[in-house]
Amino acid sequence: MNRRGFDISVATAGRSIVRVSGYPVFDNCITFLFGESGIGKSVLSKALYGFMNNTDLQIEINNNSYGSHLNDPWTQAIKRNSFFVFQEPSSHLNPLMTISDQLNEGSLAGIHEEDILSWLWQTSSDAAIRKLLDVFPKPYRPSGGEKQRILLAMAFKRIDAWIASPPSGEPTYFVFDEPTGSLDNTFRNLFLELLFNKYAVKPFTIVIITHDYSIISEIYNRHRQLIERVHFKELSRLDEDEVTVNDFSPGEYLDWLAAPRPHPSKHLVVEPVLEVQPRFSIFGRRLAIYADSQRTRLQPLLINKGDMVYLKAPSGIGKTTLAKIIMGIYRAERFSMALDGISITDRSPMSLWSSSIWGKRAGMVFQHADESLNLASTVRETFKGLPLKKHPSESDLVNHLTELFDGPIVDSFLRKKVAYLSGGQKQRLNLLRTLILGTDLIILDEPLNGLDFTSVKKVLDLLDEKRAQGGSLLMISHNEEIFEHFIDEENIYYLGVIE
Amino acid sequence: MKTARPPLVKFVSGKDGRWLCIWIGALFGLGIWDYLFLNRPAFERIINGFINTLFIALLSVGFTLAMAWIMTLAFHRLGSVKKRSGFYVLSFLLNLIRSIPQIVGILFGYIGIAALVTAGLLPGKAITFILMSICMSGFIMPEVIDLLRERIDHYTKLDFFNALRVCGVSQWRIINFDIFWKNSRIHILNKLISVFGSAMFLQCSVDFIISVGLSSDVNAVTLPTTLGSLLAKMDSKQDILAIGNTLTNPAYMPQLFFQHLQGLTVAFLIVITLLAVYQISCGYAERHRL
Amino acid sequence: MRARLIEHMLGIILVTLLIIGALLLFEHRATAVHERQYAGIKDLLDAPISKINDPFERALLADCMDLYYPGRHDTNAVLISELIRFREDAFNKSMQSSYRTKRLSIATFREIAGMYLKFLLMYLIVMALTYYGVETLGSLRFIFKQQRRQQHDLLGRPRAPLFIRAVQTAGKTIAYAVLFSPAYVIAYSIRTEFNTDSAFFMILLGVISNGLLIMYMNKFYAFLVAESRKGYVENALVKNLRSDYTLSGPDGISLRSVFNPAKRFSGHVFDHIFRNARFQYLSTIKEQASFLITGLVIIEMALNIHGHLTYELLRQLLYKNYPLVVVIMLAIFYTVKLTEITTDLLVHRESRRYENR
């Protein structure tokens, strides 16, 4: 087993972005790289692969100029025979070229793709695959999950070419940056299975960058034979720009998952906060809320005071859509709900939400902290303009922030631009902005996005505290393993489409 | 890593800062040369014309911003209510303005203003300036409205707008503070720089046309003197024609810079200003990676 | 799309009605005003005065009037000055009779139609040339920029000798100055040497002056730069598409494909970038067209070239022949609307295709 270490630094003209020493590449092994978002996982892997733009950025690798890294035989070889699957599949497909063309250009031309596609889509129908290939990638069609699988299919084509090539001893470097971000567990597991099967035929270097800690369980349950070839690593911050690579112990996660949770104390008085009738239609689809995973028992979504409810559905069904309907952002048909005793239907005027719901009775944390926060504002300004009875004093604000941020909150942190916070910090700030409103109902869409394991535990503890204080929370997440562990079965609802 | 440089050095080392210096330097250089070699009345006329042009262009920028901002808010308000007839009427009118070539629209506007001046209906020079600027703004405004609406659209397509809305932040605060002030200042300022360029260009062209074509009806007496009307004067035109003479007869060159100074100065002022404003706007966009 | 078309049609109808209304109003007013204006001096028109401008005769007239209509000296003075205006008016009219009599007849209409066709033809030619120029120059600028970047990435920062850089900068500045000059500055500065009234010269001016080419070239270039930063370009690089930006060699971009109007760069990363930039630029065509019309109007009006549509507009404006002005305005308005409809249809067709419909 050969381990390469790289010292990498990336800076713009005035500001260092990220520095690391001994960034590891384990030849012909499988490496999982965890760490909060925005810490520099993607930047470092891209710099190593040779994508960075040396004119706008100053990059040094092993104290050499980036030019010499680009000319290095290692870089040249991996560029020839490896692949990089980028995160955000939507922006990584050309909107003006059919998917089929994009799957067959450059060095992907002439490699069979039928087997890969029929595996990833679990279909043997040629027609179904053709239907997919002949379209141009558009924002909603194909869906995010499908686009993700298209990018994965490209990587698999290159893997096939590598397997078919004569033994050369050349290095490889297949990077998968958040490959399962838009996949639900079924497709995630299919992808891992295919990847590991190919790996078994002829090993190659795999790096999987992810936030999905439940992947660990999947490996331990179904791919145990690989464990000695697998490395779990975590990137953590040393200071503003310097990061370090540590071992991540999978046991830590598995033990946390296995530990029994104290049963939450029920509130004595049952006081319904939100009740959503189980049937409604939107965008020409009829959706329904069920009490069981087989989706046979229709049931109104009921959240009482002090309840934490988890809404579960495969990706693309409309979990976020339902949350936005409740918050009055989307209009559904035949929809009816009661919130804090106010009965609301699809005919209620928009002004109802702005006058008495938003920030007063209900709040919602959106999934992308980067989009939901004003990146140009400071941390302090993030809490301005909210409909609070009294403006929070400086010390109120500091107290509130300490709930999720480590260490003393100093003035320079309050004056810091949100854009300069790390992804995990943004996610926490996003959460705190809604929590400070103290609304009866809080909807959280993927609240664990972009967090490292320490923050995941912290956020879950805080949410549980809010619940114990009488808050009502509706959770939406594809992180099934964690929430199923965290939330009682009776509080899990299932969203489905009525055919 | 480069060491941090003082802000002024950083500004001047950029393309925008450099061109701002070039522009100001050129103006001063030209001023000194003209002070030495151009006759006094002509020199005063040019300074007067240049300041008038600059003033009208700046006023136009101000009016354009104000009008575009009001229109954008109106669009947003009318677009968010159920009955959208007001929205359609407004966008119909805006598209109608767009369909009139700017130069033609402004030309007619100026002729109207000149008629008012002749009829003695405009009490002061200030009013004339303001009317001219408003007229110009009316035809440049659509560009700025497009930009402002584009910015709002961008943020409503993201979760940004809704995420702030459901926190109970008022939509006007989101638009004016979070979107325009915090996240679009640079875009807006960049647009305003190019609006300033357009205003200069259109102002000079319209005045040139009016002075050349309509001299007997609307002339420099009724409207304030600007670079365009100065250039259209007979002696200025002769000076410009002399440039062509120099192309085939290089020996004539030195006389160009002494005898034909008035026209040459005016033409140079127009060209260097347009060029500098354009380069400043490009440099500004580069600096902020727009 | 249907809504857009309806809007365009409504705009056309509304403006046409407005303008026809204005036309009728002018026709009506022209006669009415004339009659009303000189109503007061109707009786004086036949007064046996030959030279009203002669101070002596004027004083004589004033005295006569004061005798006939005693006690209203002021009114009399006004009447006399009106009489002077009337005489001047009549004199001017006779001087300009050749223009003045130009009313809306079939013949003038035909004359204007001819000018309009010429205008339209020139507009189309300049439009096509600038569109081609914008794409070609924008691409070239982008390619050169990428060449420098690649050199820099691999070799560090090479610098040409100071002298060469100085010459380059000076050349660039002069070229920019010419491209930025308003058309009238360029035209007057070379008028003594060339026939600036020829159609060829006008087309040339239309393309290079007023900053049109340079502005939209840079807009296209900005689109290219914006597209080149997008994710799908990275993805194309992973697929090992050609990414060498030199203008020769098997992996580069051939100069011929850059100058070819169709511009295909298959197998090269630039193909991805160019396609998207061109698609983005489609909606800017409208803006470019309207700026181009402004430019053409400036050229025609400022150069005083007889027999051209917008110069005719200016002239008729001068002679207060409003019906003709209105007709020419309508023609220009239709041209803009037609361009808008065409580009809207074009954008609509293209985006439908890429939306899988």
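In what follows, chains carry the letters A, B, and so on, assigned in the order in which the sequence lines appear, proteins first and then strands, with residues in each chain numbered from 1.
At most 12 non-hydrogen atoms from other residues, nucleotides or ligands lie less than 6.0 angstrom from CZ of B:F55. Other residues, nucleotides and ligands place no more than 12 heavy atoms under 6.0 Å from the CZ atom of B:R77. Within a 6.0 Å radius of CH2 in B:W69, other residues, nucleotides and ligands contribute 12 heavy atoms or fewer.
To the nearest 0.5 Å, atom CH2 of residue B:W181 and atom CG of residue A:N374 are 13.0 Å apart. Summarising the geometry, atom CG belonging to A:L386 is positioned 8.0 Å from atom CZ belonging to B:R173; distances are rounded to the nearest 0.5 Å. With rounding to the nearest 0.5 Å, the separation of SG in B:C167 from CZ in A:F383 is 9.5 Å. The structure places CZ of B:R165 at 9.5 Å from CD1 of A:I329, a figure rounded to the nearest 0.5 Å.
Within the 4.5 angstrom heavy-atom criterion, no atom of A:S351 approaches chain B. Heavy atoms closer than 4.5 Å to chain B are found nowhere in A:I443, neither backbone nor side chain. The parts of A:K384 that come within reach of chain B are both its backbone and its side chain, each placing non-hydrogen atoms under 4.5 angstrom from that chain.
Contact residues of residues 185-206 of chain B toward chain A are absent (heavy-atom distance under 4.5 Å). Chain A is approached within less than 4.5 Å, heavy atom to heavy atom, by no residue from residues 267-281 of chain B. Annotation: residues 360-370 of chain A contacts chain B through A:A362, A:G363, A:M364, A:F366, A:H368 [non-hydrogen atoms, separation under 4.5 Å].
Judged by distance alone, with hydrogens and angles left aside, the side-chain atoms of A:E371 form no donor-acceptor pair with the main-chain N or O of B:F160 at under 3.5 Å.
Judged as a ring pair (Phe, Tyr, Trp, His ring centres under 6.0 Å), the pairs with a partner in residues 77-101 of chain B (not counting sequence neighbours) are, in order, B:F75-B:F87.
Two residues are said to be in side-chain contact when any heavy atoms from C-beta on lie closer than 4.5 Å; B:F177 and A:E381 meet this criterion.
With chain A as partner, the option from B:N162, B:V169, B:L164 having the largest number of non-hydrogen pairs under 4.5 angstrom is B:N162. Heavy-atom pairs under 4.5 Å with chain B were tallied for A:S372, A:G328, A:P349; the largest tally goes to A:S372.
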